[in-house]
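So the structure is just underneath, and the comments pick up after that.
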Amino acid sequence: VTLLFATAGSLLTAWLGQRFGNVQPFLASAGAFLLALAVLWGADTFGPYAAATCLLTFAIGMGLPFAVAEVAELDVDGRFVILSVPAIGMGAMIGPGAAGILADAGGFGPVLLAAAGAIVAAILLMGYSSRPAIDLAADSGR
């Protein structure tokens with residue numbers, strides 16, 4: 001069922017991207033991800049758990065395409081956007097093992113906190129990268 005929600009999130013990107021660009025929908029998906037983590041933190045029955053996991057996969061399905069689209073938009077030479085594919089793959093390989101180690105060491109609280117930290121980092125990086133080009137040129141010393 002969660003894969004259906006991930007697919008719905010991915011399909012929504014085309015409609016939202018045409019109307020709102022990449023940054024605002026990405027931030028909305030990150031907010032939905034953080035909300036899902038908060039619900040998972042307090043979920044003690046199946047209903048909230050199921051709703052949170054559906055929201056979480058929806059947010060991932062929506063957020064990843066916007067992140068890759070923003071990289072493609074900023075990559076004027078087209079040399080780096082292709083690296084988003086192995087980056088996502090490496091995250092899919094390393095993430096579950098890292099989550100297992102965290103869960104084994106301290107329960108699922110550290111896993112949820114690590115995921116929240118990663119999303120906050122993504123929000124900060126998206127905010128930085130979406131600044132006007134003149135600001136980015138000044139930061140690089142041009």
Side-chain angles (χ1 to χ4, degrees), residues 1-76 78-141:
V1 171
T2 59
L3 291 176
L4 294 173
F5 279 87
T7 302
S10 293
L11 292 173
L12 185 60
T13 59
W15 183 78
L16 288 175
Q18 289 181 343
R19 286 158 184 78
F20 302 107
N22 297 325
V23 177
Q24 295 302 325
F26 175 82
L27 295 176
S29 70
F33 192 101
L34 291 172
L35 175 62
L37 292 178
V39 173
L40 283 172
W41 187 277
D44 55 356
T45 60
F46 181 74
Y49 172 80
T53 56
C54 288
L55 179 60
L56 187 78
T57 56
F58 177 86
I60 292 169
M62 184 174 138
L64 278 176
F66 283 120
V68 172
E70 185 68 11
V71 169
E73 188 173 307
L74 294 171
D75 185 14
V76 293
R79 296 182 304 164
F80 300 108
V81 69
I82 194 65
L83 295 175
S84 62
V85 175
I88 292 167
M90 288 173 55
M93 290 185 298
I94 295 169
I101 291 168
L102 287 173
D104 185 50
F108 286 102
V111 176
L112 298 175
L113 289 174
I119 290 299
V120 168
I123 290 168
L124 293 173
L125 290 169
M126 181 67 83
Y128 176 76
S129 69
S130 66
R131 295 185 317 171
I134 192 164
D135 290 346
L136 292 174
D139 285 349
S140 66

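Note that the coordinates shown come from a computational prediction; the quantities given were computed from them, not determined experimentally.
- Side-chain N or O atoms of S10 include none that pairs as donor or acceptor with a backbone N or O of M62 at under 3.5 Å.
- Closest approach of S84 and V81 over heavy atoms only: OG-O, 2.6 Å.
- Applying the side-chain hydrogen bond (donor to acceptor under 3.5 Å, both in side chains) test to Q24 and every residue at least two apart in sequence or in another chain returns nothing.
- Legend: residues meeting salt bridge (Lys or Arg N to Asp or Glu O under 4.0 Å) with R19, ordered by chain and number and at least two apart, are absent.
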Identify every side-chain donor-acceptor pair in residues 104-125 under 3.5 Å, counting partners at least two apart or on other chains, and give the distances.
none

I60 vs F33, side chain to side chain contact (heavy atoms under 4.5 Å, CB included): CA-CA, chis, key distance, verdict: CA-CA 7 Å; I60 292 169; F33 192 101; 3.6 Å; yes
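- Here the closest non-hydrogen pair linking G63 and S29 is CA-OG, 3.2 Å.
- Side chains of T13 and P25 form no contact here, defined as non-hydrogen atoms less than 4.5 Å apart.
- Contact between L56 and L37 at its shortest, heavy atoms only, is CD1-CD2, 4.2 Å.
- Residues F26 and A67 come closest through the heavy atom pair CE1-CB, 4.0 Å.
- Among pairs with a residue in residues 55-71, those fulfilling side chain to side chain donor-acceptor pair (under 3.5 Å) read N22-E70, at least two apart in sequence or across chains.
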Checking side chain to side chain contact (heavy atoms under 4.5 Å, CB included) for the pair F66/V23: CA distance, chi angles, key distance, verdict? CA-CA 7 Å; F66 283 120; V23 177; over 6 Å; no
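- By the neighbour-count criterion of 12 heavy atoms within 6.0 Å, atom CG of L35 is densely surrounded, having more than that number from other residues, nucleotides or ligands.
- The two residues M126 and S129 make their nearest non-hydrogen contact at O-OG, 3.1 Å.
- With sequence neighbours excluded, no residue forms a side chain to side chain contact (heavy atoms under 4.5 Å, CB included) with V76.
- Contacts classified as side chain to side chain donor-acceptor pair (under 3.5 Å) and involving residues 43-55 (residues at least two apart or in different chains) are not found.
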